[in-house]
Structure formats: C-alpha cells, structure tokens
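The structure under discussion appears below in the form of structure tokens.
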Amino acid sequence: MMHILYIYSEITIKGGADKVIVEKANYFAQKGYIVTLVTESQLSRELSFPLNSGVKHIDMDLDFNRQYSQGVIHRAYTYYTLMKIYKKKLELVLRQEKPDIVITTLGRSLDFITEIHDGSVKIGEAHTTKFHLRSLHLMEQKNIVYKMIANCLRRKMIRNVSKLKALVLLTPQDAADWEDDIQTYIIPNSIPSLPETFSNLDNKQVIMVGRYNDAKGYDYLIPAWEIVHHRHPDWILNVYGSGELHDDVISWIQERNLGDSIILHDPIDNIMEKYLDSSICVMSSRYEGFPMALVESLSCGVPCVSFDCPFGPRNIIIDGNDGLLVEYLNIQALAEGICKLIENDNLRRRFGENGRKNILRYSRNVVMKQWEDLFKSLTKGKES
C-alpha cells in the first residue's frame, strides 16, 4: 500500500489549513494508505484536531519561536542551527519511514527537502496565494531593507518550489501565477461531511469565522458592520476566532460602540452548529487560499457575502446564485451586500437552497479522488 507523508509546522490552531491537513491524513488512513504526519514544532502540545489511529505522528521537537526574542545576529545563528538539526532529523525519518510521496506545505522544509534523496516523490501543497506565502508581504511593508530581504526570500522560495515534482494549488488563479515555475495541479479543499439539517435562516444572526490577523480584514468588517447595525440594530454579528490582533479587534469594536452588536467567541469544535444557527455568513479577507468557512456555511444552507479577494471566494461563491461577491476592500459594498440579504427573505432563502446543491462539487469523495489519481500518476515509474 502506498505510504504518504505530510510535513506541517504544527497543529495548534483551530483554523482552515490545520483542519484540512488532518482531514486528508485521516481520510487516507481510513482508506488503507500508510500515512505519517511530521510536524516541526508541536512540542508536546495537544493537536487542535484529532488524528485517526492509523496516522503516525512524528514531531521534530524544534522550538523555532525562541529565536524571536533574540537580537538579529543571535537570531540568525539560532535559526541556522535549528535548520541544520531539522534537516538531519527529517532525513533520518524519511529513510526510516520510506514514504512513496512526501508532501511539504511550503514551510521551512522546502529549503532542503529536495536535497534528501530517499527515493520518495516530493510535491508541494499551497494553502494561500504565491504572493502571500510565508507572510513575506508583511515583511515587505516594514521598510526598504525588509522589502529587499523579502524579495530575496521569495526568489529563493520559488527556486526551491521549482525543484519539486509538482505543486498542488487550490484555484485556477493560483495555478496561473505558478505556471512558469513548476508543473501545477488544481485540487480544492473538500467538505468532510455534509450536514443532515440546514439553517432555517430565521435567526437575526450573521457569522464570521476566521483568525484575528491581517489576512481576515477585521479593520474592514467592523466599519461595514457599523453601517449594517445602524440600519438593522436587531441583528447580531457572531465572530469565532483567535489570534494576534485580538486586542485590536476589541478596540475597533469599542471605538464604534458595537460591543452589544458584535459578539466575539473563542474557536470551537462544533462550528457547524453555529452555522446552522446563522442566516448569513460574511468574509472580509484581504486574501484567501480556499476558505473552508464559506464551504461549511454553504453546506449548511447559509448564503455568504464576501469581498472578491485573491482568490478563493470567487471559486466557492457563485455570485448572485448562492451568495454575493462585492468589490474588493469596499466597506460600503460589503455592508450593502449584508443588508441586501437581511432585507430580502426570499433572496436569502433562494441563495441558501442553491448553496446546498452547489457545494456538492466539493464533497469529500469528489475531491479526494483527485488526490488519489495524482498520487498514482506521480508514483508510476518512480525514480530514486
């Protein structure tokens, strides 16, 4: 039976990429594949999503976070030392486990994974756009020196990606960005299971699911909700997330006196139940990979309103059919889209019904067959 080995940083966030990696590992283990998940820095912390008993988990036990409290020179030395240890440990694991396919999610392992000649086929799997990988866009925004460093790191990343056998991307737009660098394949994320019941769309509740970070655009969502609140003060926005901008989000809410209208919740395991209690899902992201929040929402019959950001929402929402795609980073347009669904019950219900049907194209069996076909094609006549 084929042996698949995933490499990921750590499974510590109740977020999209972590969930998708675990879901795929569990699926292939259930299908009888040999599956190994290698993490860099789990450090004995509990995984945020449970692994199937058939998935072998190996942690490299490397604390890359410790470098961030150090000065520039000491930090560079620490990182270099940890990377040497990482390469040595990972090479040992690959030679012991003997996987057929190794999948890197384009993290630190990308820097050396193709230098390990263990006989496995090495492929990449991207969960966000080419420009936003490794958050290099944030480094570019600091100053000219950081911008130069970010550009060098991006060129290095592209070179390393080009050495892989293939790169799996989430959308056609992502594939277009990479087509000159490597053989690409488009495989979206799947929804693991379809709910047996659907939202009745009667509750005056809107839901937003996403980490408190720059990508999710809370600085656009909150002023947009202020407009909605003034027109529909009886509606509530429930937000489920955590992250580095938590305190900023609270401040933005308080500055606009929206504390009774925007309710913040910690991430939860039973998020599908919260979609079922909602009538609209909103997304205000600056960029996305393939947002599971929209997929999960539509599967529950909850229509979505989202910025038409790079790139995922436009591949999930069928504008004017099961949701609304509004002008990118236009606060007024986002607010008007939400209000349109609040004010038109028939439209909201039609969108919800359409969403339940449309989302079947991302069902688990449909998507996972694409992965299985890819694995078979890449290992046919495998070279060491």
Does [X] come within less than 4.0 Å of [Y], counting only side-chain N to carboxylate O?
{"X": "D181", "Y": "R159", "answer": "no"}
{"X": "K147", "Y": "E140", "answer": "no"}
{"X": "R95", "Y": "E91", "answer": "yes"}

Sorted by chain and number, sequence neighbours left out, salt bridge (charged side-chain N to carboxylate O under 4.0 Å, His left out) with D61 holds for none
Between E115 and the options K87, K88, K163, K122, the salt bridge (Lys or Arg N to Asp or Glu O under 4.0 Å) test singles out K87
The single option from L298, N358, L325 that satisfies side chain to side chain contact (heavy atoms under 4.5 Å, CB included) with I316 is L298
Taking the ring centre of each residue, are F131 and Y287 less than 6.0 Å apart? no
**Asked** With ring centroids as reference points, do F112 and Y86 lie under 6.0 angstrom apart?
**Response** yes
Side chains of [X] and [Y]: donor-acceptor distance under 3.5 Å anywhere?
{"X": "T171", "Y": "D174", "result": "yes"}
{"X": "E273", "Y": "N270", "result": "yes"}
{"X": "T105", "Y": "H127", "result": "no"}
{"X": "S299", "Y": "E296", "result": "no"}

Besides L201, the hydrophobic cluster formed by Ile, Leu, Val, Met, Phe, Trp and Tyr side chains linked at under 4.5 Å, directly or via other members, contains V302
Members sharing L43's hydrophobic cluster, built from side-chain contacts under 4.5 Å between Ile, Leu, Val, Met, Phe, Trp and Tyr, are none
Within one Ile-Leu-Val-Met-Phe-Trp-Tyr cluster: [X] and [Y], side-chain cutoff 4.5 Å:
{"X": "I227", "Y": "I342", "value": "yes"}
{"X": "I182", "Y": "I158", "value": "yes"}
{"X": "V38", "Y": "Y8", "value": "no"}

Determine, for [Y] and [X], whether the Lys NZ or Arg CZ falls below 6.0 Å from the six-membered ring centre while staying within 45 degrees of the axis.
{"X": "K14", "Y": "F49", "result": "yes"}
{"X": "R356", "Y": "F198", "result": "yes"}
{"X": "R108", "Y": "F64", "result": "yes"}

Could you check whether any side-chain heavy atom of S363 comes within less than 4.5 Å of a side-chain heavy atom of R361, counting everything from C-beta outward? no
Query raised in the report: Under 4.5 Å between any side-chain heavy atoms of R134 and R154, yes or no?
Result: no
